Every structure is written in structure tokens, then in C-alpha cells.
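Below, chain A is the first sequence line, B the second, and so on; all start at residue 1. Since the structure is predicted, the reported quantities are computational estimates derived from the model, not experimental observations.
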2 protein chains.
Amino acid sequence: MRMNKGVEWATHACTLLAPLGPDKGLSLTALADYHGVPQPYMAKQMQALSKAGIVRTSRGKSGGYALARPVDDISLWDIKQAVDGPEPAFRCTEIRQQGPCALPSAECKTPCAIAAAFARAEAAYRDALRGIKLSAIVSDVAGHADAKHIGDIVAWYQAHVTEMPVRP
Amino acid sequence: MRMNKGVEWATHACTLLAPLGPDKGLSLTALADYHGVPQPYMAKQMQALSKAGIVRTSRGKSGGYALARPVDDISLWDIKQAVDGPEPAFRCTEIRQQGPCALPSAECKTPCAIAAAFARAEAAYRDALRGIKLSAIVSDVAGHADAKHIGDIVAWYQAHVTEMPVRP
DNA sequence: AATATTCGGATATTAAATATCCGTATTTAA
DNA sequence: TTAAATACGGATATTTAATATCCGAATATT
């Protein structure tokens with residue numbers, strides 16, 4: 001079982017957008033370059049985030065991406081769901097309805113006990129991710145960076161941030 | 001994110017072996033036929049279970065597979081782990097160490113906050129699966145089967161069970 | 001109004017993981 | 001000794017993920 005790598009990149013991208021507030025953003029190029037990931041694939045993730053309403057975009061010259069909601073209102077589950085889709089990892093193929101002792105489909109109204117068990121575990125996973133907000137990630141990262149590195153980041157921000165004021 | 005389909009088959013196979021107790025088993029052919037899954041692929045899963053000490057095997061004529069431990073001592077996590085391997089779904093690629101503002105590797109002793117967060121969620125998933133024992137699955141399935149179907153299963157068992165006494 | 005820049009989306013292309021199958025060796029009851 | 005069964009390694013096909021390319025639509029700037 002392996003998670004879509006795009007989830008990692010999308011989460012890093014959101015972490016990078018977080019300190020900018022609602023009125024500033026970064027272009028796709030900047031987001032891709034910052035972490036050295038291929039631009040077209042980064043675009044795919046950002047578009048998924050955009051569709052899910054996690055980031056908003058503005059096009060044309062000086063366009064880019066900005067967070068669409070407060071950092072306390074974006075959970076890791078939101079991001080994972082947006083990029084990785086809504087399907088559960090365990091997908092019941094109803095093999096109980098096959099073979100010499102197959103259950104007739106009339107008796108399969110209740111979900112297979114095995115599928116139900118895995119679904120409960122995935123619900124626990126989901127709830128854990130729901131409890132982790134972008135704000136917690138950002139403050140954790142900030143707490144570990146040293147002064148020099150923060151300087152680098154600030155300089156990079158100043159060179160790349162684009163204005164994306166929210167219009168009423 | 002999609003789970004290895006073999007986990008489903010392996011779990012069903014264990015569920016089928018559970019009522020037989022430690023001294024009786026089923027051949028690979030029987031296990032594969034019961035749920036109508038391809039035999040060579042079923043073999044792969046059973047061998048994984050065997051390596052993990054969840055089932056024991058006996059080779060040669062009248063050989064087969066039997067559970068190696070009491071049904072209360074086998075969790076869904078054990079099975080998932082045996083078939084799907086130990087690697088986490090989220091794998092940090094350390095992209096914080098790449099790009100124009102890359103963190104020097106000296107500062108990356110503590111794990112990336114994002115990776116750590118996903119790891120916590122996977123721990124919740126693991127703990128949930130650990131809490132679900134094969135015994136619970138078996139009794140749940142048994143509770144939902146009707147009398148006629150149970151008759152079918154008993155007849156099938158009688159035709160396919162092989163003796164696999166535990167030798168001291 | 002023209003233009004350069006940027007996102008959106010569709011579509012290849014490549015790489016990786018999963019699923020399936022086969023052949024041979026090894027074990028064991030009869 | 002023989003027949004029947006699993007173990008193991010590898011070969012192949014299928015599916016999914018990752019990467020790259022392209023063109024059209026939108027928009028800020030000139």
C-alpha cells in the first residue's frame with residue numbers, strides 16, 4: 001500500500017502558502033521550484049487543491065495560488081482527500097458471493113464483516129488526519145528552523161510572492 | 001491509495017481456516033476454489049502468511065494450511081502486515097532538503113513535521129486493526145449466515161478438510 | 001486593444017507496482 | 001518408490017502512478 005506522492009507535495013505547497021495570508025500567493029513555477037519538483041506534476045496537485053476549495057487561483061500575469069481558507073480550517077485529511085481521491089484503500093470485491101459456497105446476493109445486504117473492519121480502521125486514520133490542521137504543521141516547522149535558514153526563506157518569499165487581493 | 005488485493009483474500013482464507021482448530025487444515029486448491037480466486041496468486045498470499053507465522057503448512061500428500069495460533073491471537077494488522085509488507089503508506093522523500101531553500105541535512109535529524117503527522121495517523125490505523133481479532137470476524141460472519149448456507153459450508157468442509165495434527 | 005504570462009485541462013509517455021502464471025525443487029503420506 | 005502437495009524463484013501481463021507535452025482560456029500589464 002503506497003500513498004500518492006502528490007499528497008506530500010501538495011501538503012508542502014500548502015505549508016509554504018500558509019504564512020502568506022489570504023491576499024498573497026505564489027505562482028506554479030515558484031511552488032515547483034521551491035521544492036525542486038517537476039512543474040507539470042505540481043500543477044496537477046494544485047488543480048486538485050483548487051477544485052477542492054483549499055486554494056484559490058488567479059490567472060494571467062502575476063497570477064498564482066493562495067490559500068482559500070484560514071490555516072485552522074484546513075486539515076491534512078482535506079489535502080489528502082483532495083489529491084488522493086475519496087476511495088477507501090481497502091476495496092471489497094465481494095468474494096463471499098463467489099465459489100461453491102457463494103452467499104446469495106440477497107443475504108449480502110449487510111457489508112462483509114472483513115470489509116467493515118477495515119473500513120473502521122480507515123475511519124480511525126481519517127479522524128486522526130482530520131485532527132491535524134495546517135496551522136499545527138506550520139508552527140512545528142517554524143519551531144525547528146534556525147535563524148539563517150529563516151532569512152533565506154524570507155528573501156525567497158520577497159522575490160516570488162505575488163499579490164492576490166481578495167476582491168469583494 | 002489502494003491496498004494490495006491479496007490482503008482481502010488472505011483474510012478470507014484465515015476466516016475459513018479459523019473454525020477448523022489447530023489440527024485441521026485445507027489445501028491450497030481448496031482455499032483457492034472456495035472463493036474462486038486463482039490458485040497461484042492464492043499461494044503467494046498463503047506463503048506470506050506462513051512466513052509471518054500466522055499459518056503453518058505441511059507439505060507432501062495430504063498437505064495444506066492450518067492456523068498456527070489461536071484466533072484471539074491473530075489480528076487484522078498481523079494479516080495486513082504479512083501480506084502487504086511493513087512499509088508505511090506515506091513515504092517522506094525529504095523534499096525539504098531540495099530546492100533553493102533546502103534545509104542542510106544536519107538540520108534534518110528530527111523527522112519532517114508532515115511525515116510525522118501522517119505517521120501518527122497511520123499509527124491510529126494500525127492500532128485499530130490490531131484491536132480486531134480473527135475471532136471477532138468469525139463470530140460476526142457466523143451470526144449473519146442462515147441455516148441452509150451453514151449446511152452447505154459444513155458439507156464443503158467435510159469434503160475438503162485435511163488432518164494436520166500438531167506433532168510434539 | 002495588444003501582448004505576455006499564467007492557470008486549466010486533455011493527452012501522451014515513461015516508470016513502478018500489482019496481479020497472474022509457470023516451472024522446478026522439495027517434502028511427505030501411502 | 002511414487003504420487004500429491006507446498007516452496008520458491010522468476011517470467012509476464014495488467015494496472016496505476018509519475019512525468020512530460022501541448023493547446024486553449026483567462027487576465028494583468030503595457
Checklist line | Atom-to-atom span, CE of A:Met42 to P of C:dG8 - whole angstrom | finding: 12 Å

Checklist line | Short side-chain N/O contact to D:dT16 OP1/OP2 from B:Arg2, under 4.0 Å | finding: yes

Donor-acceptor list for residues 123-136 of chain A side chains, cut-off 3.5 Å, not counting sequence neighbours:
residue	atom	partner	partner atom	Å
A:Lys133	NZ	A:Arg130	O	2.8
A:Ser135	OG	A:Asp72	OD1	2.6

Check: Which comes earlier along DNA chain D counting from the 5' end, the contact point of B:Ala43 or that of A:Pro40, where each point is its nearest nucleotide?
Finding: B:Ala43

Next item on the list: For B:Leu28 and D:dC8, give me the distance from atom CG to atom C1', rounded to whole Å.
Entry: 13 Å

Item checked: Rounded distance in Å - CE (A:Met164) to P (D:dT27) -> 12 Å

Notebook entry, point to check: Atom CG of B:Asp33 to atom P of D:dA5: distance rounded to whole Å?
Noted result: 12 Å

Margin query: Nearest 0.5 Å, please: how far is NZ in B:Lys5 from CE in B:Met3?
Written below: 13.5 Å

Checklist line | B:Thr29 side chain near B:Tyr34 side chain, heavy-atom distance below 4.5 Å | finding: no

Check: Rounded to whole angstroms, how far apart are OH on A:Tyr41 and C1' on D:dA20?
Finding: 12 Å

Checklist line | Under 4.0 angstrom between A:Thr57 side-chain N/O and C:dG8 OP1 or OP2 | finding: yes

Next item on the list: Give A:Thr29 one of three labels, base, sugar-phosphate or nothing, depending on what nucleic acid heavy atoms sit under 4.0 Å from its own.
Entry: nothing

Next item on the list: Quickly work out the A:Tyr65 OH to C:dT5 P distance and round it to whole Å.
Entry: 18 Å

Notebook entry, point to check: Of the candidate nucleotides C:dT26, C:dC7, C:dA19, which contains the atom at the shortest distance from the side chain of B:Arg59?
Noted result: C:dT26

Notebook entry, point to check: Any link between B:Val71 and B:Met164 through a network of hydrophobic side chains (Ile, Leu, Val, Met, Phe, Trp, Tyr) touching at under 4.5 Å?
Noted result: no

Item checked: N/O (side chain, A:Ser62) to phosphate O (OP1/OP2, C:dT5) under 4.0 Å -> no

Item checked: Nearest-Å distance for atom pair CZ/P, residues B:Arg56 and D:dA5 -> 17 Å

Margin query: From CD of A:Gln39 over to P of D:dC22, roughly how many Å is that when rounded to an integer?
Written below: 14 Å

Notebook entry, point to check: Side chain of A:Pro38: nearest nucleotide among D:dT19, C:dT6, C:dG9?
Noted result: D:dT19

Margin query: If you assign B:Met1 and B:Leu26 each to the DNA chain D nucleotide with the nearest heavy atom, which residue ends up on the more 5' nucleotide?
Written below: B:Leu26

Check: What nucleotide, of C:dC21, D:dA4, D:dA7, holds the atom closest to the side chain of B:Lys61?
Finding: D:dA4

Next item on the list: Tell me the partner of C:dA30, counting only Watson-Crick (N1-N3 plus N6-O4 or O6-N4) or G-U wobble (N1-O2 and O6-N3) with both under 3.5 Å; none if nothing fits.
Entry: D:dT1

Next item on the list: Tell me what A:Lys44 touches on the nucleic acid: a base, only sugar-phosphate, or nothing, going by heavy atoms under 4.0 Å.
Entry: base

Next item on the list: For B:Lys51, check side chain to side chain donor-acceptor pair (under 3.5 Å) against everything at least two apart and list the hits.
Entry: none

Next item on the list: Can you figure out which of D:dA20, D:dC8, D:dA5 approaches the side chain of B:Lys51 most closely?
Entry: D:dC8

